[in-house]
K.L.:
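Take this structure, written in structure tokens, and hold onto it; I'll ask about it next.
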Protein chains: 2
Amino acid sequence: MSMIQTMDVDVGEPLSLHQRILSDISERILSGAWAPGHRIPFEHELTAEYKCSRMTVNKALSQLAKAGLIERRRRSGSFVRRPQSQAAVLEIHDIRIEVEALGLAYHYERVARHKRRSSAEDRTLLELDSNGPVLALECRHFAGKRPFAHEQRLINLAAVAEAANEEFFAVAPGPWLIARVPWSAAEHRIRAVAADRHIAAALDIEAGAACLVVERRTWSAEHPVTHVRFTYAAESHMLVARFTPSQR
Amino acid sequence: MSMIQTMDVDVGEPLSLHQRILSDISERILSGAWAPGHRIPFEHELTAEYKCSRMTVNKALSQLAKAGLIERRRRSGSFVRRPQSQAAVLEIHDIRIEVEALGLAYHYERVARHKRRSSAEDRTLLELDSNGPVLALECRHFAGKRPFAHEQRLINLAAVAEAANEEFFAVAPGPWLIARVPWSAAEHRIRAVAADRHIAAALDIEAGAACLVVERRTWSAEHPVTHVRFTYAAESHMLVARFTPSQR
DNA sequence: GCCGCGGTTATGTATATACATATTGAAACG
DNA sequence: CGTTTCAATATGTATATACATAACCGCGGC
């Protein structure tokens, strides 16, 4: 297992008052003591209960509303919301970290590198308009001696010109980009595919084996930066995502 | 494509002042105008710029800090953080909604239902201590005439006793549970598997085909409620997750 | 009975103020 | 020269206050 989502559990510190109010209430909601639809006390009632100003109570309740735990209605009060959708935070780490978390030695290999004018397919993947230059990379990531993941990447050279001068022998394109380009948005697609011959050879598995594929497209300030497809060796990989209604 | 993540993009409404400050600053960060490490103006400078009180500025900056876009240091100021990890919000809808979003008719079928004392395997899946009773369900979800997803579910009857009286012919266990049990936490595991014979038959695909599997474990107030494994018919399914540094 | 009108109420936003706290940089001291 | 002390500073939290806004309630007029 890898790609573990770390949760933000704050424990121990002396809580500020509005944080205490917030956690008191969310505990009662999450425990079911206050079921969906239940009206939680008015601000002025909590003000009395905690002997504090309305601003303090308001701060806590506003955060609960933003977190989606309650719904606030003028003149009516605040009500426990019913969970709307199964949402989870998926945290996808650098592959080196994933591998090392498994206690295995990480090794990176650059297989191929081509600079070219973007093809129609490249433009689809990157959501590019013009046929500007792109850098196409193919890499392998190893866990111990076994291939762990196969990486196919396109970099939009119009957005990251300096990538044209980098060979990517020593450093993987992922960390290289992260260190250089402030990204603003990303889109992930996760699916299962049967390994074709090329992938099977690269990952040293049988053709047709089920593989988890994670594709990521990244933008920086409205400009497409990179498209990458990671194909993980069959059975070696799993994504873990956790959800707890956020209190932050 | 399905399981689409809706983003919270607020547009149009008259923004309150602290929201405007917040979006002004986050835009400058996300556009790269203020690179990671850059010190953003002090609260008292923004107070002057926006001609408002420090509380208003503080509200905006506190939210940016909670969203992880900036880091605040006493006496030093607030600094743009470098993106820490690839995190995405994955929103997993009810299967009926997924199917209908594809423009296909949804149909549900209960295949099997067994009430039993929990086996060792059940206890592993549910993270149960005792060998209390569980309800094991097997269902199919159709998109048009084709099987879309196969569902294998365990319900902890100690947590949801009334499930023992429900046949689940008319209503799928997912929506039934959502409507009844306030869940507090969930964990997802996403992986690719080759369809075994049982799954292949249920989904009307070839054995060995690559399938996306989403497993979910749900807790309510510290008690395990249910474990469910959805297996999606090969090639028919994709998870989409988007990330934009949250401003809420 | 129906409609409109204003009052009441709870939340939404903003202000000025106050004091706590962490951290820095410089001055004072050994 | 190194260390301690201290004041300055930016943020963290909380208060009392004020007015805006949305929604509901009941009253009165028709």
Side-chain angles (χ1 to χ4, degrees), chain A residues 8 10-26 28-29 34 36-81 246-248, chain B residues 8 10-26 28-29 34 36-81 246-248:
Chain A
D8 45 316
D10 289 42
V11 202
E13 313 86 49
L15 290 178
S16 61
L17 183 48
H18 73 262
Q19 279 172 348
R20 219 185 80 220
I21 299 174
L22 191 155
S23 62
D24 281 2
I25 294 176
S26 55
R28 274 182 274 202
I29 294 174
W34 288 348
H38 179 262
R39 209 209 75 228
I40 74 172
F42 295 128
E43 289 189 351
H44 72 261
E45 293 173 312
L46 292 168
T47 285
E49 185 179 336
Y50 288 95
K51 299 195 198 317
C52 65
S53 76
R54 188 168 79 89
M55 279 301 293
T56 305
V57 171
N58 184 283
K59 195 166 186 172
L61 294 193
S62 300
Q63 288 190 50
L64 281 170
K66 271 187 291 188
L69 280 191
I70 65 172
E71 180 187 340
R72 313 202 68 191
R73 284 203 289 272
R74 278 174 148 123
R75 166 71 218 235
S76 310
S78 304
F79 299 83
V80 177
R81 293 221 313 178
S246 169
Q247 296 171 19
R248 302 212 311 169
Chain B
D8 46 315
D10 289 45
V11 202
E13 313 86 48
L15 291 176
S16 61
L17 183 49
H18 72 264
Q19 279 171 348
R20 221 186 78 220
I21 299 174
L22 192 155
S23 61
D24 281 3
I25 295 176
S26 55
R28 273 182 274 202
I29 293 174
W34 288 348
H38 179 262
R39 208 208 78 228
I40 75 172
F42 295 128
E43 289 189 351
H44 70 263
E45 293 173 312
L46 292 168
T47 286
E49 185 179 338
Y50 287 94
K51 301 196 197 316
C52 65
S53 76
R54 189 167 78 88
M55 279 301 293
T56 305
V57 171
N58 185 285
K59 195 166 185 173
L61 295 194
S62 300
Q63 288 191 49
L64 281 170
K66 272 187 289 188
L69 280 191
I70 65 172
E71 180 187 340
R72 313 203 69 192
R73 286 203 289 273
R74 277 174 148 123
R75 166 71 219 237
S76 310
S78 304
F79 299 82
V80 178
R81 293 220 316 178
S246 169
Q247 296 171 21
R248 301 212 312 169

K.L.:
Rounded to whole Å, how long is the line connecting atom NZ of K59(B) with atom C1' of dG12(D)?
P.N.:
15 Å
K.L.:
Starting from P on dT11(D), measure out to CG on L64(B) and report it in whole angstrom.
P.N.:
13 Å
K.L.:
According to a strict under-4.0 Å criterion, is T56(A) in side-chain N/O contact with OP1 or OP2 of dT13(D)?
P.N.:
no
K.L.:
For E49(B), check side-chain hydrogen bond (donor to acceptor under 3.5 Å, both in side chains) against everything at least two apart and list the hits.
P.N.:
none
K.L.:
Report yes if the side chains of L46(A) and I25(A) come closer than 4.5 Å at any heavy-atom pair, otherwise no.
P.N.:
yes
K.L.:
Between dT15(D) atom C1' and N58(B) atom CG, what is the distance in whole Å?
P.N.:
15 Å
K.L.:
Taking side-chain hydrogen bond (donor to acceptor under 3.5 Å, both in side chains) as the definition, give me every residue that meets it alongside S62(B), ordered by chain and number, with sequence neighbours left out.
P.N.:
N58(B)
K.L.:
My understanding is that only residues two or more places apart in sequence, or in another chain, count here; which of them pass side-chain hydrogen bond (donor to acceptor under 3.5 Å, both in side chains) with R73(A)?
P.N.:
E71(A)
K.L.:
Ignoring backbone atoms, establish whether R72(A) has a side-chain N or O less than 4.0 Å from OP1 or OP2 of dG12(C).
P.N.:
yes
K.L.:
Restricting both atoms to N or O, compile the protein contacts to nucleotides 20-23 of chain C shorter than 3.5 Å, with distance only.
P.N.:
{"residue": "dT21(C)", "atom": "O2", "partner": "R74(B)", "partner atom": "NE", "Å": "3.0"}

K.L.:
Return each pair, listed once, that meets ring-ring contact (aromatic ring centres under 6.0 Å, His included) where at least one residue sits in residues 58-77 of chain A; pairs must be two or more places apart or across chains.
P.N.:
none
K.L.:
Rounded to whole Å, how long is the line connecting atom NE2 of H18(A) with atom P of dT15(D)?
P.N.:
11 Å
K.L.:
Less than 4.5 Å apart, side chain to side chain, heavy atoms only: is that true for W34(A) and I40(A)?
P.N.:
yes
K.L.:
Would you mind reading off the distance between L61(A) atom CG and dT13(C) atom C1', rounded to a whole angstrom?
P.N.:
15 Å
K.L.:
Can you check the L17(B) CG to dT21(D) P distance for me, whole Å?
P.N.:
15 Å
K.L.:
Between dC19(D) atom C1' and R54(A) atom CZ, what is the distance in whole Å?
P.N.:
11 Å
K.L.:
Base, sugar-phosphate or nothing for S62(A)? Non-hydrogen atoms, less than 4.0 Å.
P.N.:
nothing
K.L.:
Sequence neighbours left out, what passes side chain to side chain contact (heavy atoms under 4.5 Å, CB included) with R74(A)? Give chain and number order.
P.N.:
none
K.L.:
Restricting to side-chain hydrogen bond (donor to acceptor under 3.5 Å, both in side chains), what partner residues turn up for R54(A), sequence neighbours left out?
P.N.:
E43(A)
K.L.:
Return the set of residues passing side chain to side chain contact (heavy atoms under 4.5 Å, CB included) with R39(B) (not counting sequence neighbours), or none when no residue passes.
P.N.:
F42(B), E45(B), F79(B)
K.L.:
Which parts of residues 41-52 of chain A get close to DNA chain D, meaning a heavy atom less than 4.0 angstrom away?
P.N.:
K51(A), C52(A)
K.L.:
Using heavy atoms to find the nearest nucleotide of DNA chain D for G77(B) and M55(B) separately, return the residue whose nucleotide is more 5′.
P.N.:
G77(B)
